[in-house]
Protein chains: 2
Amino acid sequence: MVSERHPKTFRFLKGRMRSALSEAEKDILENLIGDVQQLGHGQVILSRGEMAQQSTILIEGFAARVISRNGSRHIVSLHVPGDFVDLHGYALRRIDHDLVTFGVAKVGYMAHSDLDAILAREPKLSRMLWFASLLDAAIHREWILKLETLSADGCLSHLIAEVLARLQAVGITQQESFAFPFTQAELADACGTTPIHMNRVVRKLREEGILEISRGQVAVLDKARLHETGAFDPAYLYHDL
Amino acid sequence: MVSERHPKTFRFLKGRMRSALSEAEKDILENLIGDVQQLGHGQVILSRGEMAQQSTILIEGFAARVISRNGSRHIVSLHVPGDFVDLHGYALRRIDHDLVTFGVAKVGYMAHSDLDAILAREPKLSRMLWFASLLDAAIHREWILKLETLSADGCLSHLIAEVLARLQAVGITQQESFAFPFTQAELADACGTTPIHMNRVVRKLREEGILEISRGQVAVLDKARLHETGAFDPAYLYHDL
DNA sequence: GGGTGAACTTAACACTTGTTAAGCACAGAA
DNA sequence: TTCTGTGCTTAACAAGTGTTAAGTTCACCC
């Protein structure tokens, strides 16, 4: 873990809340980030049951919310730079899952006492924080829908389409190829299937010329058909707000 | 639709936020409910794309968030009395699904302009509202987990176990039998399966003496085994907060 | 350069679930 | 009462997915 203080820019944070916040408000938020750490792959940011005194914003890399139940691991959400990965720990206190980094990641911490001050004095920022958690809930609902309606190939397509859209929204990638440090077994954990079946699905999408996944790298070869097989419509990401 | 003004008590609202709010704060919230309506079965409280000027609290009956996609309907969340069913419409403005009543329901409305006032002047209440949406997100995550891990019989068991726990938490039922106006086809919509398969599952749980579902009435015959087949642990409902 | 382990790949078979088709039970309307 | 529609039930078959068991590839370390 490498630690640094008061980094100069958080372009992701600025990028994310672009239209809704003034520069002054963005500065308030940015200055609340007291400590920044570089984490390795598979580090636990916050584990189940912990009472957090701070919340975490993901600055670089990926993170996921992982629930382990009788031996098997399941991924219930994914996070990209700019996300408050455990903002809900602020109001909920106790958290029912682990937060784990995927690949090398940089995170910033925000003390809950500072969030108290925001809630007391900055109604517009409060609403913004609230909005951030509602966006999480909207993404959860879309995951519920995809798990209810899609078969495993559609589910993987949807997942990749979502990650691409979210990365592009924060300006990390313009191309349709990006680093994505998840193994096939972990993709299976996020789609509610088995590694073996995930492998069948990966092969199928590769053979159809839609997608190429190998060694932590994803290349979207045919975005239109990816969206089609994943029934993907980005409206739920509220990128226009 | 029958309309009444300023109902005397909202025991469900009081029941839900019991420990966290003072009586004075509960009164503030309660007085914000401007209009109360009695709705019939299958009424749309709010439909996709609408820009709501108010949010809805469910006082009696059930409601669900329904997403229709190429002809088929899917249920992504269920609501019991005491829930703000579309609080997220306040911060998100545009909503990506329909809200539909199941059975006869009574709802109250809260103007967004009044919520603005709360956010500006009542930090503790603001936090409470935020908590309410985080609770929704926690329930969403549990649904994601159950859809990823459980087969259809586990999924139905989990659904029934959750509804029972939530009804008991707001003090509507002490027994393990309750009115639940959902058809097998609608239960299938909520579990991501087909009506035919839901019927197999209902029969199986009935034959095993775990559950009895008929004509909109559910009777839990063996709660321990229901929780076991549904891998149900109520911690995610945060009823202790 | 060979060994090691993790990730990936493939195959065969069993089980779960979807599909199509049909008939039954029950409540409400005429 | 009969008619009618909706919800429920069942069966047979097809498709999707889980399980078990191998084998392969690749990066990394000795």
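Quick caveat, the model's predicted, so the values are computed rather than measured.
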- [ ] I would like to know whether L78(B) and F102(B) meet side-chain contact (heavy atoms from CB on, under 4.5 Å); could you show each step before the answer?
- [x] CA-CA 10 Å; L78(B) 276 188; F102(B) 281 80; 5.7 Å; no
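When each of L221(B), V202(B), V218(B) is checked for a side-chain contact (heavy atoms from CB on, under 4.5 Å) with L211(B), only V218(B) meets the rule.
For the helix from dG1(C)-dC30(D) to dA30(C)-dT1(D), the rotation axes defined at the first and last 5 base pairs enclose an angle of 30°, given to the nearest 10°.
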Open item on the list: How would you summarise protein contacts on nucleotides 5-21 of chain D per nucleotide, using B for base, S for sugar-phosphate only and - for none, with heavy-atom distances below 4.0 Å?
Closed with: --SSBBBB---SBBBB-
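A salt bridge is absent between K146(A) and E142(A); no separation between the charged side-chain nitrogens and carboxylate oxygens falls under 4.0 Å. D86(A) has no carboxylate O lying under 4.0 Å from a charged side-chain N of R65(A), or vice versa, which leaves the two without a salt bridge. Classification of D98(A) and R48(A) as a salt-bridged pair fails, no side-chain N sitting under 4.0 Å from a carboxylate O.
For H140(B) and R141(A), the side-chain atoms include at least one donor-acceptor pair closer than 3.5 Å.
By the 30° and 60° cut-offs, the orientation of the rings of F178(A) relative to F180(A) is perpendicular.
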